[in-house]
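The block underneath contains the structure these notes are about, expressed in structure tokens.
FYI, the numbering just counts along the sequence from 1. Side-chain atoms are counted along with the backbone in the values below, which use heavy atoms only and exclude waters and symmetry mates.
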Amino acid sequence: MKKKSIYVEIPIRTSMDDLWKASQEPSVHERWDLRFSSITYLPKAQGSPQRFTYKTKIGFGHDISGWGQSVTARKGGDGARTSSLHFGTEQKRSIIREGRGFWKYVPRQDGGVTFLTRYDYTTNFGAAGRLFDRLCFRPLIGWATALSFDVLKRWLEKGTVPEVQYRNFFVTWLSAILFSFIWIYHGLVPKLIFQHPQELAMLTSVLPIGEAVAHRVMSAIGIGEVVIGLLWLICRRKRWLFAAQTAAFPLLTIGAVTAAPESLTQPFNPLTFNLALFALSFLGFSFSKDVPTAKYCRRRQVTGE
């Protein structure tokens with residue numbers, strides 16, 4: 001199976017000069033591009049490519065250092081610009097060995113600019129590296145490119161700085177993953193798998209039902225909680241989920257305490273647990289407005305372009 005080069009395209013309502021500056025000046029570029037932690041231009045001789053070094057943090061105090069060189073040019077009479085790129089690294093722990101690509105800036109009739117990139121690379125680690133790249137790394141670096149392009153678009157169009165955008169993005173998604181785990185765990189373990197006696201006691205104290213019916217009702221509630229947990233993973237717009245939980249947790253807390261007031265003396269009781277979830281839901285709601293996303297970028301080039 002032949003690998004596909006990475007292609008990302010997005011329209012931006014900005015001037016050519018502002019977009020050029022944001023993408024070509026290292027101190028500005030490294031702020032919005034998730035793929036680079038730092039970019040440093042090296043001294044340039046007249047008529048030669050612009051050489052640079054870069055670093056990408058990979059976590060746990062480690063980073064990947066690499067080299068690159070770029071050449072800029074204008075094409076045709078429509079004012080389009082192109083910046084070609086050659087990059088690579090000597091570090092053997094990097095999945096990327098060497099690559100080439102370009103950025104293209106095409107003026108639009110509405111006064112904005114279409115910003116696009118296409119690039120490809122070779123990998124380290126032989127067949128295992130190629131397989132890992134195809135299944136995992138290539139989709140991830142393509143997504144990171146598209147997300148970065150949307151962050152740049154929002155910065156130039158709305159003035160929201162990249163640091164704020166990335167803070168909102170990671171707070172939203174980390175909160176969503178946490179809530180997904182909590183809902184799925186509480187639906188599966190105490191309700192569907194083990195049907196904990198305390199859960200049954202709380203249910204029968206609220207509803208006048210027998211034990212057999214209580215088991216079925218608890219199973220239905222457990223399935224509902226698992227569905228809510230899955231919604232946190234599959235829904236793109238998570239703000240309404242944060243809003244729903246912010247409203248629901250006080251009601252759930254009152255219901256749990258009313259059904260089992262003796263639970264207030266237990267560690268990690270419904271009052272303290274739900275209060276923490278309410279606070280996290282409120283923070284998630286506050287940070288989840290206008291979060292950047294990779295979905296607004298075109299990821300495939302139209303035939304004939």
May I ask you to decide whether [X] forms a salt bridge with [Y], counting only side-chain N to carboxylate O separations under 4.0 Å?
X: Arg138; Y: Asp133; answer: yes
X: Asp150; Y: Arg154; answer: yes
X: Arg81; Y: Asp17; answer: yes

Distance in Å, [X] [atom1] paired with [Y] [atom2], rounded so as to fall on 0.5 Å steps:
X: Arg93; Y: Ile64; atom1: CZ; atom2: CD1; answer: 4.5 Å
X: Cys297; Y: Tyr7; atom1: SG; atom2: OH; answer: 10.5 Å
X: Leu283; Y: Phe278; atom1: CG; atom2: CZ; answer: 9.5 Å
X: Ile96; Y: Arg35; atom1: CD1; atom2: CZ; answer: 9.0 Å
X: Leu241; Y: Trp183; atom1: CG; atom2: CH2; answer: 10.5 Å
X: Gln198; Y: Leu203; atom1: CD; atom2: CG; answer: 12.5 Å

Non-hydrogen atoms of Ile184 and Gly229 that approach each other most closely: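 Closest pair (atom of Ile184, atom of Gly229, distance): CG1-CA, 3.8 Å.
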
When you look at Phe179 and Ser281, which way does the side chain to side chain contact (heavy atoms under 4.5 Å, CB included) test go after all the steps? CA-CA 9 Å; Phe179 280 129; Ser281 297; 3.2 Å; yes

For side-chain hydrogen bond (donor to acceptor under 3.5 Å, both in side chains), just list the numbers for Thr123 and Arg97, CA-CA rounded to whole Å, side-chain angles, deciding distance to a tenth of an Å, and then say yes or no. CA-CA 5 Å; Thr123 58; Arg97 182 171 61 197; over 6 Å; no

Classify the ring geometry between [X] and [Y] as parallel (under 30°), tilted (30 to 60°) or perpendicular (over 60°).
X: Phe273; Y: His186; answer: tilted
X: Tyr105; Y: Trp20; answer: tilted
X: Phe169; Y: Trp143; answer: tilted

For the residue pair [X] and [Y], establish whether any side-chain heavy-atom pair is separated by less than 4.5 Å.
X: Val226; Y: Leu192; value: yes
X: Thr160; Y: Trp155; value: no
X: Asn124; Y: Ile95; value: no
X: Thr293; Y: Arg236; value: no
X: Tyr41; Y: Thr53; value: no
X: Tyr121; Y: Glu98; value: no
X: Leu277; Y: Gln245; value: no
X: Arg239; Y: Arg237; value: no

Other residues, nucleotides, ligands: >12 heavy atoms within 6.0 Å of [X] [atom1]:
X: Arg13; atom1: CZ; value: no
X: Lys295; atom1: NZ; value: yes
X: Tyr185; atom1: OH; value: no
X: Lys44; atom1: NZ; value: yes
X: Glu262; atom1: CD; value: yes
X: Tyr166; atom1: OH; value: yes

Establish, from distance only, whether the side-chain atoms of [X] and [Y] form a donor-acceptor pair under 3.5 Å.
X: Ser5; Y: Asp120; answer: no
X: Trp32; Y: Glu163; answer: no
X: Ser219; Y: Gln195; answer: yes

Kindly state whether the ring of Phe115 and the ring of Phe149 have centres lying under 6.0 angstrom apart.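 They qualify: ring centres under 6.0 Å apart.
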
Looking only at atom types and distance, does a side-chain atom of [X] sit under 3.5 Å from a main-chain N or O of [Y], one as donor and one as acceptor?
X: Ser180; Y: Trp232; result: no
X: Lys238; Y: Cys235; result: yes
X: Ser94; Y: Gln91; result: no
X: Gln165; Y: Val151; result: yes
X: Asp18; Y: Ser15; result: no
X: Glu225; Y: Ala220; result: no
X: Lys153; Y: Pro11; result: yes
X: Glu30; Y: Ile39; result: yes

Is the Lys NZ or Arg CZ of Arg51 less than 6.0 Å from the centre of Trp67's six-membered ring, within 45° of the axis?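 Output no; distance or angle outside limits.
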
Treating Ile, Leu, Val, Met, Phe, Trp and Tyr as nodes and any side-chain heavy-atom pair under 4.5 angstrom as an edge, say whether Val189 and Leu230 lie in one connected cluster.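 Yes, it is one cluster - the side chains of Val189 and Leu230 are joined through contacts under 4.5 Å.
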
The single option from Tyr54, Phe52, Phe87 passing ring pair (Phe, Tyr, Trp, His ring centres under 6.0 Å) against Phe36: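 The single option meeting the ring pair (Phe, Tyr, Trp, His ring centres under 6.0 Å) with Phe36 is Tyr54.
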
Could you walk me through whether Thr145 and Tyr119 pass the side-chain hydrogen bond (donor to acceptor under 3.5 Å, both in side chains) check? CA-CA 11 Å; Thr145 304; Tyr119 61 95; 2.7 Å; yes

Show your reasoning for whether side chain to side chain contact (heavy atoms under 4.5 Å, CB included) applies to Phe242 and Ser175. CA-CA 9 Å; Phe242 285 117; Ser175 300; 3.8 Å; yes

Begin from the C-alpha positions of Val291 and Thr172 and carry the test side chain to side chain contact (heavy atoms under 4.5 Å, CB included) through to its verdict. CA-CA 8 Å; Val291 174; Thr172 297; 3.7 Å; yes

Side chain to side chain contact (heavy atoms under 4.5 Å, CB included) between Thr72 and Thr82, worked out: CA-CA 6 Å; Thr72 61; Thr82 302; over 6 Å; no

